[in-house]
Amino acid sequence: MTDDSIIARVHGLVTRIAGPDRTPDDAGPDTPLGESGYGFDSLDLLEVILACEHEFGVVFESGDELTADTLLSARRLADVIARRTVV
Amino acid sequence: MGGARASSIRLTLELLDRLPWPIGEECCAAVFVARALVGPRRLTKALTWAAHHPQAGRSRWWTAVSTCAYQGRFRARHALLGLKSPDELLERVRLVGRQHLPTAGGALLLGFHLGPPAVGAALCAAGQRVLAIEGPRESKNWSSDAWQPVRRSVAPIPLAGESADLAATLYFARKRLLGGATIYMPADGGRGRLAFAVPIPGGTEHPIRAGWLTLRRECRVPVLPTVGHMDGRTQVITIHPPLPDPDPDPARDAAVCREVVTAIVDDFVRRFPEQCCGLVYDEAGR
């Protein structure tokens, strides 16, 4: 199970990028990043990915790490990051 | 009905692919002209387009029928009909403006849905070390071993995918650019955030997407508009001089890019209106 702190940090990045106007009232780590949640388009998602790169010092290497499934929510993305940061 | 139409086109292309180039391509052109004549909506669109883009010494009907024929030729070219290997394509490609390519570091070659498709594949076939981001290609030839060296350098844009797939494409393109690679990608197309629209004579506007603009600002690499047109049977790919360096103000930067892109699109439309099927018809070719 992914460390809660990683989930919280990714969620924090997402809400910062979304801003108050685009953050749903009941937003949480499982709120969809796309249409039915934050409404992020591809450039918003790119901003999230780059923010995670900077925050966690990870560089995503393969196409398997960035997919519709892993970019579905903050929690899913946190799972990918957690796997990359396991020592 | 849409599925049946797509299947019939696919079957037609498969049959025509058995013919040596350029016979298959020319037959495809004839098929698309015939389709336009029996389906008035296509012909009407072509005639309306032709009315807005008169050419000296040519009738409106000539331009309209040529537009339909080029739609067929470009469909064939996208499928690499009759082109069994990259060398066969290379024989029919001429590259202009090679001197604008930087000698070191990354660069972004910015394509448009103007003129013949497969510009990225043609650049790769011409020996340019380019990663081409293009739409997916259904083609027996493309899937063959002979095309494997070029296929390795082409990343298909997941046109049917979601924003996440586009985001991943942009992320890995960014990585490659920062690593010194040259990438060819389209500035336009049906998906992605709108950056600005280019006015087209006749009252329409052509949407230019924001992905490349973001990469330009992120990576600070030269961005070179790259356009292809047909000169007889030769595909001429013109690499234009690089856009000005990014302005710190994003709105001013977008305005500068819009001015340059508009001039290039205008020039192409004025010179080759019959090769602008991408502006006349939608992405599904209707």
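Scope of the values below: all heavy atoms of this structure, side chains included, with no hydrogens, waters or symmetry mates. Source: prediction; values computed, not measured.
Heavy atoms of A/F60 lying under 4.5 Å from chain B belong to its backbone as well as its side chain. A/L72 does not touch chain B: none of its heavy atoms, backbone or side chain, sits under 4.5 Å away. Heavy atoms of A/L66 lying under 4.5 Å from chain B belong to its backbone as well as its side chain. Both the backbone and the side chain of A/D44 come within less than 4.5 Å of a heavy atom in chain B. If you measure heavy-atom distances from A/I49 to chain B, the contacts under 4.5 Å come from the side chain alone.
Across all their heavy atoms, B/S163 and A/S42 have their closest contact at O-CB, 3.5 Å. For the pair A/A68 and B/A164, the tightest heavy-atom approach, listed with the atom from each and the gap, is CA-CB, 3.5 Å.
Residue B/R176 places its CZ atom among 12 or fewer non-hydrogen atoms of other residues, nucleotides or ligands, all under 6.0 Å distant. Counting non-hydrogen atoms of neighbouring residues, nucleotides and ligands closer than 6.0 angstrom, the CD atom of A/E55 exceeds 12 such neighbours. A 6.0 Å sphere centred on CG of B/D249 holds more than 12 heavy atoms belonging to other residues, nucleotides or ligands. Around CZ of B/R217, the count of heavy atoms belonging to other residues, nucleotides or ligands within 6.0 Å exceeds 12. By the neighbour-count criterion of 12 heavy atoms within 6.0 Å, atom CD of A/E35 is sparsely surrounded, having that number or fewer from other residues, nucleotides or ligands.
Separating the CG atom in A/D41 from the CG atom in B/L194 is a distance of 11.0 Å, to the nearest 0.5 Å.
Note on A/T70, A/V59, A/L33: by heavy-atom pairs under 4.5 Å with chain B, the leading option is A/V59.
Side chains of B/Y171 and A/L45 form no contact here, defined as non-hydrogen atoms less than 4.5 Å apart. Looking at heavy atoms from C-beta onward, B/E218 lies out of side-chain contact with A/L46 at the 4.5 angstrom threshold.
With respect to B/K175 and A/E53, no salt bridge is recorded, no charged nitrogen being found less than 4.0 Å from a carboxylate O.
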